[in-house]
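Have a look at this one before I ask anything.
All ligand and atom numbering here is 1-based and tracks the order in the structure. All values below were derived from every heavy atom in this structure, side-chain atoms included, with hydrogens, water molecules and symmetry-related copies excluded.
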Amino acid sequence: YVANGQTEPPTIPIFELYKNKPFPVGEIQEYTQDFNRSRITNEEKMFLDGKIGDTGFYETVREASEVHRQVRSYAQSFIKPGIKLIDMCEKLEEKNRELVQERGLERGIGFPTGCSINEVAAHYTPNCGDNTVLQQGDVCKVDFGTQIDGRIIDCAFTVAFDHKYDNLLKAVQEATDAGIRNAGVDVRLCDVGAAVEEVMESYEVELDGVTYPVKCIRNLNGHSIGQYQIHAGQSVPIVDNGDQTKMLEDQMYAIETFGSTGRGHVYEEGECSHYMKNFDAPRVPLKLKSAKNLLAHVNKTFGTLAFCRRWLERDDGGSFTVNSLQGKQERYITGLKNLCDAGIVNAYPPLVDSPGAYTAQYEHTILLRPTCKEVVSKGTDY
Ligand SMILES: O=S(=O)(c1cccs1)N(Cc1ccc(F)cc1)Cc1ncn[nH]1
Ligand SMILES: [Mn+2]
Ligand SMILES: [Mn+2]
């Protein structure tokens, strides 16, 4: 059937769906603290906002957000115990490509589909050959991105099938919402962290007879987002870390919080799947032919967007070897290590709390517009 023009499951690209209509506006929040913003009049704020609007920036971000909402709604219908994580990611990514009407670097997937499980908090997506299956008792963080013109929507939610985790998920959803409410132009980053921490640590969760306080994972944070740059330099803490840096007007932010029943601290651990070119990569001469070929492929296919090993094996993958006798996997592993050692590509290994811990995440992308705060990725689900 068709609901407001879209099929079920969704198959019509969002651009087509809104052919001559404006894309849906995100959730609008007024700024609470009006620090030195009173230095500019409302007329000036509206003028600035209108100028940005005229560039098409808001329409671009709102289109990508609607793609994200429809992709995650479809994903929520098939993310069930027994599904192979690799199939889950590929099905979600295929729909993401379809609804954004993928076109090279102009529009497509923003970064790898994270599906980190239990004590793994972030940056896990299966590499080829990983046959991990989602289980009934798992807590899975689904974190994926959609980008148009390099404007990346970074938005994530947690899936758990056992209601024993309800309080953990509620703590994190409320903490992320508190972070979003406290964000604003000229707001100090540490004050956002403090607001998150206060909400998160007001929750506890009872699992199998043991009661755990929900802890913020203090070394994970949200971040500013730039064009084709998922992390644009500012980190938004989820605890009060004393960072007096102020949030910026006209800046996009990912506000994400993580709750844990474990240490509340993650380490980089396990096989890496997530990689991304250093935004300010040095131009160094490469000796290895496979590295040279791989870098050419990365520049063409991903640019400065994050990618994962699985995507290097997609049939549009270039030829990274001198001899094609090597299997697909070996073809790029050596080259990839060479690019990382040369400081051209950074590796982002899984971020893991203590064994037996359960971690949850919620994340939205927000715009600090001159006139208001817009939670562009807000949906009816979260
Ligand atoms: O942890 S981050 O590296 C970070 C750096 C400084 C502050 S937050 N990171 C950005 C990123 C890095 C590599 C990726 F492949 C994808 C994303 C946050 C994030 N991961 C998923 N969603 N949001
Ligand atoms: Mn994310
Ligand atoms: Mn993020």
Side-chain angles (χ1 to χ4, degrees), residues 64-65 68 71-72 75 89 92-93 96 108-116 120-127 140-147 150-159 172 176 179-180 183 189 192-193 196 216-226 228-239 241 243 245 247 251-258 265-269 271-279 281 298 301-312 336 340 345-353 359-366 375-377 382:
S65 298
H68 196 281
V71 169
R72 75 200 195 216
C89 289
L92 189 151
E93 288 159 11
N96 201 358
I109 299 180
F111 54 86
T113 306
C115 55
S116 308
V120 186
H123 293 169
Y124 164 83
T125 195
N127 288 327
C140 177
K141 281 68 74 183
V142 182
D143 190 347
F144 72 94
T146 306
Q147 69 86 7
R151 307 304 177 178
I152 305 164
I153 299 302
D154 180 1
C155 181
F157 59 100
T158 299
V159 175
V172 182
T176 296
I180 292 167
L189 291 170
V192 178
V196 168
C216 293
I217 301 183
R218 59 187 180 279
N219 64 329
L220 286 179
N221 40 52
H223 46 100
S224 54
I225 301 175
Y228 292 101
Q229 190 175 18
I230 185 70
H231 181 283
Q234 280 194 343
S235 292
V236 184
I238 61 177
V239 294
N241 69 351
D243 187 345
T245 314
M247 298 183 87
Q251 183 68 47
M252 271 175 95
Y253 286 92
I255 303 296
E256 58 192 298
T257 75
F258 293 82
H265 180 94
V266 288
Y267 295 111
E268 296 187 341
E269 193 181 303
E271 187 177 274
C272 189
S273 58
H274 286 48
Y275 297 86
M276 181 165 68
K277 260 192 86 177
N278 187 322
F279 199 73
V298 167
T301 314
F302 309 112
T304 55
L305 295 173
F307 60 95
C308 58
R309 288 195 198 174
R310 267 187 300 115
W311 294 348
L312 297 178
L336 193 52
C340 291
V345 168
N346 294 320
Y348 292 81
L351 299 169
V352 190
D353 201 323
T359 65
Q361 172 198 21
Y362 280 91
E363 175 174 33
H364 273 301
T365 293
I366 69 172
V375 189
V376 288
S377 54
Y382 64 92

So that I can check it, does any N, O or S atom in E256 come closer than 2.8 Å to the Mn ion (ligand 2)?
no

Is it the case that ligand 1 has an N or O less than 3.5 angstrom from some N or O of Y348?
no

Under 3.5 Å, side chain of S377 to main-chain N/O of S65, donor-acceptor pair present?
no

Does H223 bring an N, O or S atom to within less than 2.8 Å of the Mn ion (ligand 3)?
yes

What protein heavy atom is closest to atom 18 (C) of ligand 1, reported as residue, atom name and distance in Å?
H223 NE2, 3.6 Å

Does a donor on one side chain sit under 3.5 Å from an acceptor on the other, for R310 and S273?
no

Can you confirm whether the side chains of S235 and H223 place a donor and an acceptor under 3.5 Å from each other?
no

Does the N or O separation between S235 and ligand 1 drop below 3.5 Å for any pair?
no

Ligand-residue contact atoms, ligand 1 with D154, heavy atoms, under 4.0 Å:
22 (N), 23 (N)

Measure from the Mn ion (ligand 2) to every N/O/S atom of E363 and report the name of the nearest one.
OE1

Looking only at the side chains, is there a donor atom on one of T176 and T257 sitting less than 3.5 Å from an acceptor on the other?
yes

Which residue and non-hydrogen atom of the protein lie closest to atom 21 (C) of ligand 1, and at what distance in Å?
D143 OD2, 3.2 Å

When you look for heavy atoms under 4.0 Å from ligand 1, do you find them on the side chain of N221, its backbone, both, or neither?
both

the protein heavy atom lying closest to atom 16 (C) of ligand 1 turns out to be H123 NE2, 4.0 Å

Could you identify the single nearest non-hydrogen protein atom to atom 14 (C) of ligand 1 and state the distance to 0.1 Å?
A306 CB, 3.7 Å

N or O pair under 3.5 Å between H231 and ligand 1:
no

We want to know whether E268 and Y348 form a side-chain donor-acceptor pair, criterion being a heavy-atom distance below 3.5 angstrom.
no

Show, in sequence, the C-alpha distance, side-chain angles and deciding distance for Y382 and F157, and conclude whether the ring pair (Phe, Tyr, Trp, His ring centres under 6.0 Å) test is met.
CA-CA 8 Å; Y382 64 92; F157 59 100; 5.6 Å; yes

Which N/O/S atom belongs to D154 and is the closest one to the Mn ion (ligand 2)?
OD1

Scanning both residues in full, the closest heavy-atom pair of N96 with T146 reads OD1-OG1, 2.9 Å

So which heavy atom on M247 is nearest to which on Q234, and how close?
CA-OE1, 4.1 Å

Without swapping roles, check the side chain of K277 against the backbone of V298 for a donor-acceptor pair under 3.5 Å.
no

